[in-house]
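Below is one structure, written out as structure tokens, with a few remarks after it.
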Protein chains: 2
Amino acid sequence: MTEFISIIQNVSRFITLTREEELLFTSLLRMQKVRKKQFIVQPEYVCQYRTYIATGALRSYFMGNDGQEYTIALAVDDWWISDFTSYIYQEPATLFVEAMENSTLIQISYQNEQMLYEKLPKFERFFRLHSQRGAAAIQKRMLGSISKTAEERYEEMQKKYPQFLQRFPQYVIASYLGMTTQFLSRIRNQKLK
Amino acid sequence: MTEFISIIQNVSRFITLTREEELLFTSLLRMQKVRKKQFIVQPEYVCQYRTYIATGALRSYFMGNDGQEYTIALAVDDWWISDFTSYIYQEPATLFVEAMENSTLIQISYQNEQMLYEKLPKFERFFRLHSQRGAAAIQKRMLGSISKTAEERYEEMQKKYPQFLQRFPQYVIASYLGMTTQFLSRIRNQKLK
DNA sequence: AAATTAGATTAAACTAGTTTAACTTGTTTG
DNA sequence: CAAACAAGTTAAACTAGTTTAATCTAATTT
């Protein structure tokens, strides 16, 4: 049970659970260890789980027709990740979700999530608040990506998520920021002078 | 009461309401008529309402430091719109929400929404599903905006939302698609040949 | 109906960011 | 530990989309 402490804390930001509710909730979860470079979601397969990262680092990305990777999300300890669209509609994924470090995941399946809503309706509230904030975050990211220059986007990341710059390789950062590795390299070295 | 038929139908996509629940729900709503060019949300003021469009057309946009407008969302009859981030966090807005036609809106205030959750918890479910789909839609839009060329984005809009091209002026379409009016004009006229 | 203003078009000059390519450094793996 | 590969750097050539500016058209206002 202590293995699920972190996710219970995460959920408790929005709703309060009794001891029995915690037990029911965790009985519907599964622990999953993945190694660096493993994929937990791939295009054409339906995304089966909502994934919470107990420890580790993952990213989701889209592979363009031109073979270019577009990183959609970066996530580390205590964050959630998946191909959200595939999961909620239970339709084939369009994204890859890849472990960037050996990671410990806590997952709930689509089936179990539906059961959770039946047994503990307060989880409707949890995932409402979770999704609302998620939507706000994506919108903020989109706004930045269309209204800011490459350099401004890099500076914002430096300021807001300095850990990411250590934890993810440069080519992933570049693709998350919507620029080439070459251009990111140019920005970084210009800034040193 | 018949004035609220459309929003009840919208809500009934996800949850089922009894006659009494419908009455309770609609008692927490307000009708609002707005004229073309009126703003229902402005930066620095906290967004007070979640807005459903009974009839009409609105857009939300961000004003960059350079004075450029970045259109975030377009919405017509039976769609929802607002500065979502400002609304959910009850913090000052960063967006404008402007009526592009004389419109009839149905709104719920933040206070009344909290009351709605107390009295009719099934609305947690409605707004969970609503937010999840909203998040998926924003993500899809972001993906297109970073991985497609200006011309591809225009073609996708032509195919997916042809009504928008009639209903919104070209400068709004251009700013929604993330390009200048001049460039959109070039694309449109190239395609005729 | 004239005057004013807002939106759309066209074209030339420009630029932020990409592409291509060659080289360097670091990291797996046999 | 050598070989092979993956990640990062630098620089020159290039291009998708912007900027500037002038003209045209269609609404709105007076």
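Just so it is clear, the values below take in all heavy atoms, side chains as well, and ignore hydrogens, waters and symmetry mates. Throughout, a chain's letter reflects where its sequence line sits, starting with A, and its residues are numbered from 1.
Atom CD of A:Glu69 is separated from atom P of D:dA6 by 12 Å (rounded to the nearest Å). To the nearest angstrom, P of D:dT9 lies 12 Å from CD1 of A:Ile173. Separating the OH atom of B:Tyr171 from the C1' atom of C:dA6 is a distance of 8 Å, rounded to the nearest angstrom. In this structure, the CZ atom of A:Arg188 is 14 Å from the C1' atom of D:dT10, given to the nearest Å. Summarising the geometry, the separation between CD on B:Gln170 and C1' on D:dA26 is reported as 13 Å, rounded to the nearest angstrom. The CG atom of A:Leu165 sits 15 Å away from the C1' atom of D:dG8 (whole-angstrom rounding).
Side chains of B:Arg13 and B:Asn10: a donor-acceptor N/O pair is present below 3.5 angstrom, by distance only. Side-chain atoms of B:Thr51 and B:Gln107 form a donor-acceptor pair, as typed in the model, at a separation below 3.5 Å.
A:Glu98 is linked by a side-chain contact (heavy atoms from CB on, under 4.5 Å) to A:Lys37, A:Phe39, A:Arg59, A:Tyr61, A:Met100, counting only residues two or more places apart in sequence or in another chain. The side-chain contact (heavy atoms from CB on, under 4.5 Å) test applied to B:Thr85 returns A:Ala136, B:Asp83, B:Tyr89, B:Glu91, not counting sequence neighbours. Legend: residues meeting side chain to side chain donor-acceptor pair (under 3.5 Å) with A:Asn112, ordered by chain and number and at least two apart, are absent. Looking at residues two or more places apart in sequence or on another chain, you find no side chain to side chain donor-acceptor pair (under 3.5 Å) involving A:Asn102. For A:Ile15, the side-chain contact (heavy atoms from CB on, under 4.5 Å) test picks out A:Val11, A:Leu17, A:Lys122, A:Phe123, A:Arg125, A:Phe126, with sequence neighbours left out. Looking at residues two or more places apart in sequence or on another chain, you find a side-chain contact (heavy atoms from CB on, under 4.5 Å) between B:Thr149 and B:Glu151, B:Glu152. For B:Glu101, the side chain to side chain donor-acceptor pair (under 3.5 Å) partners at least two apart in sequence or on another chain are B:Arg167.
Checked against D:dT9, C:dT10, D:dG8, the side chain of B:Asn189 finds its nearest nucleotide in C:dT10.
End-to-end axis angle of the helix from C:dA1-D:dT30 to C:dG30-D:dC1, from C1' rotation axes over five pairs per end: 50° (rounded to 10 degrees).
Nearer the 5' end of DNA chain C, as judged by each residue's closest nucleotide, is the contact made by B:Lys37, out of B:Lys37 and B:Ser185.
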B/S/- contact track for nucleotides 16-30 of chain C, protein heavy atom under 4.0 Å: -BBBBB---------
